[in-house]
Amino acid sequence: MSVINADIAHIFRNVADLLDIGNANPFRVRAYRRAADTLDGLGESVVDLLDRKEDLTELPGIGADLARKIHEIVETGRLAFLEQLQQKAGASFSDMMEIQGLGPRKVKALYDALGVRTVEELEQAALDGSVAGVRGFGAISQENIIKEIRRRRERGRRFLYRTARQAVAPLLEYLRRNPDVKHVEVAGSFRRCRESVGDIDILVTCRRGSRVTAYVTGYDQVSEVVSSGKTRTTVLLSSGLQVDLRVVPEVSRGAALVYFTGSKAHNVALRTRALQKGLKLNEYGLFDHEQRIAGRTEEDVYRKLGLSWITPELRENHGEIEAAGSGRLPRLITFDDIRGDLHMHTMRTDGRNSVREMAEAARAKGYEYIAITEHSRHVTIAGGLGPSELREHCRHIGRVDREMEGIRILKGVEVDILDNGSLDLPDEVLRELDLVIAAVHYSFELPRQRQTQRIVTALQHPLVNVLAHPTGRLIGTRDPCDVDMEAVIRAARDNGCLLEINASPRRLDLDERACRMAAEAGVRMVVGSDAHSTGQLDMMQYGINQARRGWLGPDDVVNTMSCSELLEQLGMKE
DNA sequence: GCCGTTTTCGGCCCGACTGTTTTCAGTCG
């Protein structure tokens with residue numbers, strides 16, 4: 001029985017929902033949710049912690065009782081307490097509680113009055129009009145339930161960071177065109193550079209008395225006004241993206257930015273810290289009784305809490321507050337640290353531009369080197385190269401490299417890892433290259449042990465330098481393959497391999513937790529754009545965001561090195 | 001259910017908005 005942290009977190013969230021519905025002590029409910037958050041954010045598997053006989057009550061929000069329950073789940077795969085709750089409640093209501101506007105009270109009321117226990121039954125009840133007759137509901141809430149269920153069905157519930165960025169840019173421009181608007185800032189998970197975002201939070205400050213919330217509802221991409229008040233307006237854009245706009249006073253701008261940037265867990269921890277100092281923190285400022293002692297800037301708010309300013313990417317309550325309190329925040333990598341891009345394709349396979357065009361675009365970005373890394377023959381759909389084709393392509397790369405000034409073009413390959421762990425090209429060809437990236441592109445469904453063994457075998461190959469997109473996930477589309485990441489990290493460390501942070505916005509693979517685990521294990525990483533065109537070289541920034549969320553500094557990432565240092569590092573492999 | 005530089009018991013983050021209410025509960029972030 002192999003239980004992963006997310007399974008335990010899921011069970012705890014179900015318990016929390018059912019306790020909530022059963023009118024349990026709200027702090028008890030919160031304790032389960034908090035424990036689930038802790039497990040989700042943990043860089044290590046709980047099973048391994050238990051194997052090492054570590055004390056789970058050391059983890060934040062886990063006490064004796066929840067530690068015992070975690071033991072039970074790890075050992076049996078189940079939690080008797082949850083099953084009792086489900087039996088008593090007659091159903092699991094977590095699905096319905098995900099619908100906006102429905103919380104525990106309302107879900108319970110609907111179940112008691114109409115017996116609905118699933119989203120489908122609820123939709124039916126709303127369509128035939130019986131929801132409106134339930135005490136606490138009316139025609140409007142019934143209509144909202146129908147709309148919300150439809151909306152959920154029409155689109156996935158989250159947007160890729162890049163998609164959100166594209167949708168929000170023209171809205172920001174529209175807001176800034178309004179002469180009454182002084183500042184426009186995006187907060188929320190978007191500002192924290194999460195790989196996907198559920199909605200967009202925008203903060204504006206404006207001249208007194210101006211009606212910005214009315215102005216935003218007039219934006220031509222608004223398809224629906226969900227709610228609108230004096231200081232807050234929620235709209236849906238035609239792209240399906242939800243935007244929450246908040247108008248905040250200038251004196252509160254920093255406090256509001258902290259508050260609406262989140263994460264929720266970070267905010268709760270900040271407020272608790274404020275309380276310990278006898279202060280109160282809300283979106284209007286930091287208060288000593290009635291006296292506002294900070295609020296205009298984020299720096300002021302953090303400083304008055306005894307903290308240095310924390311970059312938004314780290315605000316997850318994963319240790320950043322303690323680090324900021326003791327001056328141990330890491331110096332994070334930035335785009336300016338990057339000196340080259342080691343993963344890209346050209347029109348020789350499935351890319352759109354020539355080697356020269358890619359090199360010119362990279363040079364224009366200020367890079368000192370790139371590696372051309374075409375697919376190998378197994379990826380037939382991309383026109384992957386066989387041995388002689390790759391050799392010929394490398395001769396071409398060499399010619400372009402000699403002709404070009406100001407940038408070095410390395411010869412590489414993204415060679416497929418076959419399902420037995422061997423490589424798709426013979427060693428004598430791989431040996432002629434500067435860089436060998438290995439990657440899985442099929443058989444994502446292998447059972448955990450075989451998948452792990454397959455990847456570990458590839459990492460043990462003496463010519464492999466980098467493991468590309470290690471889990472194969474496509475955010476929102478394909479789950480990560482079932483692989484023991486800790487074993488992969490160990491294998492990378494023991495065999496002198498690098499792990500890639502693939503910067504493609506739909507991959508972002510490794511994720512931030514794996515980045516942090518790898519760095520702590522002493523494994524270095526490479527951020528690669530996986531560009532298939534010159535424009536896509538810009539995707540590098542998404543990978544940098546991910547690296548920053550994983551607490552990585554420039555020394556954790558090899559493409560911050562000069563070309564000669566890098567080649568030396570790659571050469572150490574053999 | 002967790003937790004402790006005021007506490008091992010008694011606290012636990014806080015305000016806006018909505019819809020259905022006659023003064024507010026529920027939900028959200």
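Convention: sequence-line order gives letters A, B, ...; per-chain numbering from 1.
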Exercise for the section: Have a look at A/Lys277 and say if it touches a base, only the backbone sugar-phosphate, or nothing, with a 4.0 Å heavy-atom cut-off. Expected result: nothing

Can you name the atoms? Protein N/O to nucleotides 3-9 of chain B N/O, anything below 3.5 Å, with the distance.
from, atom 1, to, atom 2, distance (Å)
B/dC3, OP1, A/Gly61, N, 2.8

Practice task
Begin from the C-alpha positions of A/Asn282 and A/Phe287 and carry the test side-chain contact (heavy atoms from CB on, under 4.5 Å) through to its verdict.
Solution key: CA-CA 8 Å; A/Asn282 61 28; A/Phe287 294 87; 3.4 Å; yes

Practice task
Quote, to the nearest angstrom, the P distance that separates B/dG10 from B/dT18.
Solution key: 40 Å

Problem - Note: A/Arg191-A/Glu185 ion pair, threshold 4.0 Å (strictly below) - result: no

Exercise for the section: Quick one: sort the A/Tyr174 and A/Tyr215 rings into parallel, tilted or perpendicular, breaks at 30° and 60°. Expected result: parallel

Handout entry: Any residue of residues 292-301 of chain A with a heavy atom less than 4.0 Å from an atom of DNA chain B
Key = none

Exercise for the section: Not counting sequence neighbours, which residues clear salt bridge (charged side-chain N to carboxylate O under 4.0 Å, His left out) with A/Arg52? List them please. Expected result: A/Glu44, A/Glu54

Fill in the blank from the handout: Pairing partner of B/dC2, by Watson-Crick or G-U wobble and under 3.5 Å for both distances, is B/dG11

Exercise for the section: Flag the pair A/Tyr284 / A/Tyr259 as yes when their ring centroid distance falls below 6.0 Å, and as no otherwise. Expected result: no

Completion exercise
Residues at least two apart in sequence or cross-chain that pass salt bridge (charged side-chain N to carboxylate O under 4.0 Å, His left out) with A/Arg548, listed by chain then number, are A/Glu313

Practice task
Could you tell me whether A/Ser228 contacts a base, only the sugar-phosphate backbone, or nothing, with contacts defined as non-hydrogen atoms closer than 4.0 Å?
Solution key: sugar-phosphate

Practice task
State which residues pass salt bridge (charged side-chain N to carboxylate O under 4.0 Å, His left out) with A/Asp201; sequence neighbours excluded, sorted by chain then number.
Solution key: A/Arg246

Practice task
Could you check how far CG of A/Leu79 sits from P of B/dG1, rounded to whole Å?
Solution key: 11 Å

Completion exercise
To the nearest angstrom, the NZ-C1' distance between A/Lys69 and B/dG1 comes to 8 Å

Exercise for the section: With P as the reference atom in both, quote the distance from B/dA16 to B/dT8 in angstrom, rounded to an integer. Expected result: 35 Å

Handout entry: A/Phe190 and A/Tyr161 aromatic ring geometry - parallel, tilted or perpendicular at 30°/60° bounds
Key = parallel

Practice task
Kindly point out which of B/dC14, B/dC17, B/dC2 is positioned nearest to the side chain of A/Leu66?
Solution key: B/dC2

Exercise for the section: Sugar-phosphate atoms are those with a prime plus P, OP1 and OP2; base atoms are the rest. Using that split, label each nucleotide of nucleotides 19-29 of chain B B, S or - for protein heavy atoms under 4.0 Å, 5' to 3'. Expected result: SS-----SSSB

Practice task
Measure the distance from CZ on A/Phe27 to C1' on B/dC12 and round it to the nearest whole Å.
Solution key: 5 Å

Handout entry: Separation of the C1' atoms in B/dC9 and B/dG15, to the nearest angstrom
Key = 29 Å

